[in-house]
2 protein chains.
Amino acid sequence: MHSLPDDRTARAKIRDEALRLFGERGPDAVTVRDIAAAAGVSPALVIRHYQSKDGLRQAVDEHVTAVFEAMLTRAVGTGDGDPLDQAALPTLAEAMAEFLPADSPIPSYLGRLLLAAGPVGTALFRRLHEVSKDALAALAQAGAADTGADPDVRAAFLLVNDLAVLILRPQLREVLGVDPLSGDGMQRWATETLSVYRTGLGGNTDPT
Amino acid sequence: MHSLPDDRTARAKIRDEALRLFGERGPDAVTVRDIAAAAGVSPALVIRHYQSKDGLRQAVDEHVTAVFEAMLTRAVGTGDGDPLDQAALPTLAEAMAEFLPADSPIPSYLGRLLLAAGPVGTALFRRLHEVSKDALAALAQAGAADTGADPDVRAAFLLVNDLAVLILRPQLREVLGVDPLSGDGMQRWATETLSVYRTGLGGNTDPT
DNA sequence: CACGATGATAAACAATTGTTCAGCGTGGTC
DNA sequence: GACCACGCTGAACAATTGTTTATCATCGTG
């Protein structure tokens, strides 16, 4: 990422197609020949640029992580204006919808990254848990929420609720009839989650 | 060797080892030779009994689905005593902890089944969503909860909160320092989720 | 004892996959 | 023109993997 002449043609295209295919089917189900064909190059060129398939996977990992990190800082950065409102917590999916094109392969790849065993996914998950804990603490300090008896678990609970939309996107789309990362789907999802976060599931919570 | 019921044959052992390995690494990362070695038999015998690796995978799918289905009916069956209390909803993980040994490979395999694209996982997810919807409706009818403005989405929300423990178990264990499917972990997780389900995240919910 | 039936195996086969290697075309420079 | 650096490729290689085939051992039974 330093001083290479230009990332312009074949090399970047290989990485982008790999990102897309990895996100769709998972790295194990994608062959070097698949990637080469999708990028319109020969399999040998893929290896020539990235040494190995695993090298390519690492390059995609780093690229996706970098994009996501930039997105994170921008997302929490914008929260400074009105630091804590209803939208301060479930911003992960919303940030993706805002900063990425609707057909971006990054959400899918991120979902796989978080699921796969490995240092990258683990670090990413831990990072997100920290962000979640910080957000919860900020909400609590502002009196907009309570950290609960077990702040670590509560933050993890909030986090996985957000990640579920990434990880189970195909299944949710199948069952709900709408892509949970689309505008409409996010609206419906956010409404319900915020409702629960605000007042719980409802019902006769207090016998007044 | 011979005293046990006729389920500890080589055939069953192959299936059980396949279930375990598939759950640990995913079917694509497990070779027929791996399974054969784990079961103490030859690779040829694996094929002889199940025709193909995919046939074995289907057999494991059916076995896991059957076990899970039995678990589901027993779990909702026990709910008849005191039909709806605090424990009526997030029973999925608890049912597993109750009906399965602590080191059972079934939760992991189920998690993968729900994530993988394919008819079995899709059907399973749809089935669970129905169960979740029914449970929510029952809670609502008893006045213990509200179906919300969007019952389908609310039921899906509750479902994925439960599934997250299955799907993200390694990551949660890593971050929280406790297996969320162990007794201790489930206790902590259930406490927080029920707290949120009951009253929301807390804080100054109304600006009096 | 012979003898199938049963259950299991070793060895080979064919296809796939990651990777290497020798070389080809093209464009800039002397 | 000669040359050479560079981006790229086609074909081959080696390892892995799912699967087949031909064979072996064992055991209850005539």
Side-chain angles (χ1 to χ4, degrees), chain A residues 1-63 109 112-113 116-118 120, chain B residues 1-63 109 112-113 116-118 120:
Chain A
M1 72 177 186
H2 304 88
S3 58
L4 282 178
D6 39 9
D7 225 10
R8 52 175 180 139
T9 33
R11 174 144 195 208
K13 177 149 200 182
I14 289 170
R15 190 201 50 192
D16 289 346
E17 292 298 325
L19 164 54
R20 185 178 60 84
L21 290 173
F22 285 167
E24 284 176 7
R25 313 182 210 160
D28 292 348
V30 175
T31 72
V32 173
R33 285 167 176 84
D34 288 339
I35 300 167
V41 300
S42 70
L45 193 65
V46 175
I47 301 296
R48 174 162 192 81
H49 275 310
Y50 294 96
Q51 285 77 45
S52 68
K53 183 188 179 182
D54 199 69
L56 173 56
R57 218 214 52 236
Q58 285 178 239
V60 176
D61 278 2
E62 290 173 20
H63 177 241
Y109 194 90
R112 290 191 188 275
L113 210 49
V120 185
Chain B
M1 181 191 305
H2 49 272
S3 57
L4 286 180
D6 54 324
D7 202 20
R8 269 303 167 263
T9 65
R11 178 166 177 153
K13 177 149 200 180
I14 290 170
R15 190 202 51 194
D16 289 346
E17 292 298 325
L19 163 54
R20 184 177 61 83
L21 290 173
F22 285 168
E24 282 176 8
R25 314 182 208 160
D28 292 348
V30 175
T31 72
V32 173
R33 285 168 175 83
D34 288 339
I35 300 167
V41 300
S42 71
L45 193 64
V46 175
I47 300 298
R48 173 163 191 82
H49 275 309
Y50 294 95
Q51 284 78 43
S52 69
K53 182 187 179 182
D54 199 69
L56 173 57
R57 219 214 50 236
Q58 285 178 239
V60 176
D61 277 2
E62 290 172 22
H63 177 240
Y109 193 90
R112 289 192 190 275
L113 209 49
V120 185

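Below, read A as the first sequence line, B as the second, and so on, with proteins coming before strands; counting in each chain starts at 1.
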One would report the end-axis bend of the helix from C/dC1-D/dG30 to C/dC30-D/dG1, five pairs per end and rounded to 10 degrees, as 30°
Kindly write out the residues that satisfy side-chain contact (heavy atoms from CB on, under 4.5 Å) with B/Glu24, not counting sequence neighbours, or none if the list is empty. B/Arg20, B/Leu21
To the nearest angstrom, how far is B/Ile14 atom CD1 from D/dT19 atom P? 14 Å
Heavy-atom closest pair (B/Ala29 atom, B/Asp34 atom, distance to 0.1 Å) is O-OD2, 4.2 Å
Indicate whether OP1 or OP2 belonging to C/dG7 is found under 4.0 Å from a side-chain N or O atom of B/His49. no
Please check this pair: side chain of A/Tyr50 against backbone of A/Leu45, looking for a donor-acceptor N/O pair closer than 3.5 Å. no
Which residues share a side-chain contact (heavy atoms from CB on, under 4.5 Å) with B/Ala36, sequence neighbours left out: B/Val41, B/Pro43, B/Val46
Quick one: does any side-chain atom of B/Arg25 pair with a main-chain N or O of B/Val30 as donor and acceptor, under 3.5 Å? no
Expressed as a whole number of angstroms, how long is the span from A/Asp28:CG to D/dT16:C1'? 14 Å
Separation of B/Arg57 atom CZ from D/dG18 atom P, in whole Å? 13 Å
Roughly, in whole Å, what's the span from NZ in A/Lys13 to P in D/dG7? 18 Å
Interatomic distance where CZ belongs to A/Arg11 and P belongs to D/dG7 [whole Å]: 11 Å
For B/Ala38 and B/Glu17, work out which heavy atoms get closest and say how close. CB-OE1, 3.5 Å
Per the salt bridge (Lys or Arg N to Asp or Glu O under 4.0 Å) rule, what does the pair list look like for residues 46-58 of chain A, sequence neighbours excluded? A/Asp54-A/Arg57, A/Arg57-A/Asp61
Separation of C/dA15 P from B/Lys53 NZ (nearest whole Å): 19 Å
Can you tell me the distance, in whole Å, between the CG atom of B/Asp54 and the C1' atom of C/dA15? 17 Å
Apply side-chain contact (heavy atoms from CB on, under 4.5 Å) to A/Asp28 and list each qualifying residue two or more places apart in sequence or on a separate chain. none
Mind running a 4.0 Å heavy-atom check of residues 33-47 of chain B against DNA chain D and sending the residues that fall below it, in number order? B/Arg33, B/Ala44, B/Ile47
Identify the heavy atoms of A/Leu56 and A/Ala18 that sit nearest to each other, and give their distance. CD2-CB, 3.8 Å
A/Arg48 CZ to C/dC21 P, straight-line distance once rounded to whole Å: 12 Å
